[in-house]
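Before any comments, here is the structure.
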Amino acid sequence: MLNLITRIALVFGGIYAVYRYRYQIFNRLFGIPTVRRFFIGTTMKIPYVRNRMIHQAFR
């Protein structure tokens, strides 16, 4: 029982930490050129996202 409570506490603590520091995490991840290139390349393959981005950039 104590093991289950400990696991639940760790999971919620991890979720809280990720939520609290989400912007720092994203900045660190997207500061790596390879990760940024992969993410942008992947999202630009989605037609809806690509059309919205192009429409926003070139009004």
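Just so you know, these numbers use all the heavy atoms, side chains as well, and skip hydrogens, waters and symmetry mates. None of these values were measured; they are calculated from a predicted model.
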Quick check: are there more than 12 heavy atoms from other residues, nucleotides or ligands sitting under 6.0 Å from CZ of Arg36? yes
Kindly work out whether a path of hydrophobic side-chain contacts (I/L/V/M/F/W/Y, heavy atoms less than 4.5 Å apart) joins Phe38 to Met44. no
If you round to the nearest 0.5 Å, how far is OG1 of Thr34 from CZ of Arg37? 5.5 Å
Do other residues, nucleotides or ligands put more than 12 heavy atoms under 6.0 Å from the CZ atom of Arg52? no
Sub-3.5 Å donor-acceptor pair from the side chain of Arg22 to the main-chain atoms of Tyr19, do we have one? yes
Enter the distance from Arg7:CZ to Phe12:CZ here, rounded to the nearest 0.5 Å. 14.5 Å
Quick one: which of Leu4, Leu10, Thr6, Val11 gives a side-chain contact (heavy atoms from CB on, under 4.5 Å) with Ile8? Leu4
So for atom CZ, which belongs to Phe30, do other residues, nucleotides or ligands contribute more than 12 heavy atoms lying within a distance under 6.0 Å? yes
Just verifying a value: how many Å separate Ile40 CD1 and Met53 CE, rounded to the nearest 0.5 Å? 7.0 Å
Within this structure, what is the CG-CZ distance for the pair Leu29 and Phe26, rounded to the nearest 0.5 Å? 7.5 Å
